[in-house]
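For reference, the structure is listed below as structure tokens.
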Amino acid sequence: MPSLEEPQQILQREATPPRNSVGLRDVARAAGVSTATVSRVINNPAAVSPKLRARVESVVKHLGWVPDGAARALTTRKSNAIGAVFPTLSHGDFARATNAIQEELLVSGYTLLLACSNYDAAQEYAQVRKFVEQGIDGIILIGKAHHPELEHFLNQRGVPFVYAFVYDPETHGTCVGPDNRKALFRLTNYLIDHGHSRFGLIAQSTQNNDRAAARLEGVRDALAERGLAVRPQHFAIGEWTIAEGRALFRQIMAAEPRPTAVICGNAFLAVGALLESQDMGIKVPDQLSIVGYDDIEIMNHLPIPITTMRVQGELVGRDAARFIIGRVENRPIEIAFECSAELLIRKSSGPAPA
């Protein structure tokens with residue numbers, strides 16, 4: 001039976017071993033418990049009484065012991081780590097989702113490992129391979145446009161994954177997020193219903209970005225259903241910065257007749273377009289309506305707040321985390337795989353000018 005001496009008595013009686021040599025047995029001996037009890041305190045604290053847990057945690061803190069994650073992974077075949085690769089961390093929704101993912105994982109005893117691919121499929125594939133080499137239990141990916149070998153690589157190694165910020169009814173159960181095409185289809189119809197027929201479109205680059213491609217498709221499909229289209233001179237495509245939004249807005253507004261509504265593929269492009277419209281002396285929304293996709297804080301604090309489709313980034317992140325935990329632990333999780341985008345009507349949009 002382990003000694004029932006108080007841990008402080010043992011610690012005072014014996015010199016503390018060097019921190020880099022402290023092991024599980026040292027902690028158990030100092031706390032007067034079995035190694036199994038120490039493991040339960042670390043891996044399943046709810047299974048241990050508060051008094052005993054506090055006792056073990058006191059010793060762990062005093063000795064500076066860090067559990068050997070590699071050894072635990074070999075024993076349990078789990079690392080309790082989930083990887084996530086985002087194309088950028090500057091995007092408002094991605095930042096909110098990252099916080100939500102981390103919070104949800106922590107509650108369930110998992111650690112988040114994060115990487116940023118900069119919309120580079122080869123870089124993302126390398127990052128995923130590195131995560132798998134480190135023994136992650138599952139991975140969260142953004143969208144469904146990836147390196148051609150990535151999905152096969154994960155399936156071959158039995159690593160669960162989920163696609164976030166995208167939804168496709170044909171692949172229900174593998175992705176969590178908004179239907180990007182449906183969101184921009186709805187936004188475009190909102191403008192058509194307000195009498196607009198001449199449209200400008202500042203789209204986000206579709207390179208390695210299936211969400212941007214789906215949004216572009218949604219705009220074009222909505223216009224086609226009403227017998228409309230964007231004129232080539234009123235179409236521009238770029239990345240996602242405010243500066244680029246300004247430059248591309250000025251470009252499409254140089255061609256007559258000017259559009260009466262400009263649709264922007266993301267929030268930053270929309271902010272740039274709105275700012276440039278003011279510098280050009282264009283009255284919004286009397287002469288021109290400007291709308292965007294996604295909702296960053298500044299959009300609602302500009303002199304003319306911008307109409308947009310809000311994506312529930314926190315919900316997407318939370319549900320993606322819950323889903324991947326369920327896959328890792330082989331238990332069902334009830335989530336709504338489609339997180340609908342919300343149309344926020346603000347002062348930047350209105351009826352088409354007479």
Side-chain angles (χ1 to χ4, degrees), residues 85-88 90-94 97 116-125 140-151 161-172 174-191 199-226 228-232 234-241 244-245 248-249 251-252 261-270 272-273 291-295 308-313 316 320 337-341 343:
V85 183
F86 283 81
T88 176
S90 300
H91 192 294
D93 271 333
F94 292 162
C116 179
S117 69
N118 295 308
Y119 291 98
D120 185 324
Q123 181 174 314
E124 179 192 51
Y125 184 44
I140 298 170
L141 303 168
I142 306 303
K144 297 177 66 178
H146 303 283
H147 190 283
E149 297 179 18
L150 188 145
E151 187 170 328
F161 59 91
V162 64
Y163 299 123
F165 283 96
V166 63
Y167 179 78
D168 184 343
E170 295 183 2
T171 55
H172 179 84
T174 64
C175 45
V176 177
D179 184 326
N180 287 264
R181 177 195 171 278
K182 184 191 296 185
L184 266 292
F185 187 90
R186 180 184 177 193
L187 180 60
T188 304
N189 272 310
Y190 155 75
L191 292 169
F199 285 84
L201 178 56
I202 303 175
Q204 183 175 352
S205 172
T206 58
Q207 183 176 3
N208 297 320
N209 189 335
D210 57 328
R211 287 103 50 226
R215 294 196 287 272
L216 185 55
E217 182 183 355
V219 174
R220 287 171 169 164
D221 286 351
L223 293 175
E225 280 194 5
R226 305 289 191 99
L228 301 171
V230 176
R231 301 182 183 192
H234 292 154
F235 174 75
I237 192 164
E239 296 304 324
W240 52 268
T241 67
E244 196 152 16
L248 295 178
F249 177 83
Q251 174 186 317
I252 67 172
V262 172
I263 301 172
C264 301
N266 65 37
F268 296 94
L269 294 173
V291 299
Y293 180 84
D294 188 15
D295 186 34
T308 192
M309 299 298 297
R310 173 191 283 165
V311 177
Q312 303 175 69
V316 172
F337 290 96
E338 181 178 6
C339 304
S340 299
L343 174 57

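Hydrogens, waters and symmetry mates are skipped; everything else that's a heavy atom, side chains included, is used.
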M309 vs R215, side-chain contact (heavy atoms from CB on, under 4.5 Å): CA-CA, chis, key distance, verdict: CA-CA 11 Å; M309 299 298 297; R215 294 196 287 272; over 6 Å; no
Closest contact, heavy atoms only, V230 versus F199: CG1-O, 3.6 Å
Heavy-atom closest pair, residues A164 and V316: CB-CG1, 4.2 Å
Beyond-backbone contact of E244 with F268, side-chain heavy atoms, under 4.5 angstrom: no
Nearest-0.5 Å distance, OG1 of residue T171 to OH of residue Y163: 8.5 Å
Which residues share a ring-ring contact (aromatic ring centres under 6.0 Å, His included) with F235, sequence neighbours left out: none
Pairwise side-chain contact, H147 with S117, heavy-atom cut-off 4.5 Å (strictly under): no
Heavy-atom pair of closest approach, residues A320 and V176: N-CG1, 4.1 Å
Straight-line distance of L228 CG to T188 OG1, nearest 0.5 Å: 10.5 Å
Audit row: Q207, Y119, side-chain contact (heavy atoms from CB on, under 4.5 Å) steps and yes/no: CA-CA 8 Å; Q207 183 176 3; Y119 291 98; over 6 Å; no
Interatomic distance, R220 atom CZ to R181 atom CZ [nearest 0.5 angstrom]: 13.0 Å
For the student: nearest non-hydrogen atoms of G143 and V166, plus distance: CA-CG1, 3.7 Å
Heavy-atom side-chain contact between L248 and C264 under 4.5 Å: no
Heavy-atom pair of closest approach, residues I252 and G200: CD1-CA, 4.1 Å
Considering all heavy atoms, the nearest A212-Q204 contact: CB-O, 3.8 Å
side-chain contact (heavy atoms from CB on, under 4.5 Å) evaluation trace for D120 with N208: CA-CA 7 Å; D120 185 324; N208 297 320; 5.7 Å; no
Atom pair CD1/CD1 of I263 and I202 - distance to nearest 0.5 Å: 10.5 Å
Geometric class of the F337/H172 ring pair [parallel <30°, tilted 30-60°, perpendicular >60°]: perpendicular
F86 side chain reached by C116 side chain, heavy atoms, under 4.5 Å: no
Value rounded to 0.5 Å, distance of CG in D295 from OG1 in T308: 5.5 Å
F94 and F165 aromatic ring geometry - parallel, tilted or perpendicular at 30°/60° bounds: perpendicular
Residue pair N180, Y293: steps toward the side-chain contact (heavy atoms from CB on, under 4.5 Å) verdict: CA-CA 9 Å; N180 287 264; Y293 180 84; 3.0 Å; yes
Pairwise distance CG(D221) to CZ(R226) - rounded to 0.5 angstrom: 13.0 Å
Worked verdict on H146 versus E124 for side-chain hydrogen bond (donor to acceptor under 3.5 Å, both in side chains): CA-CA 8 Å; H146 303 283; E124 179 192 51; 2.8 Å; yes
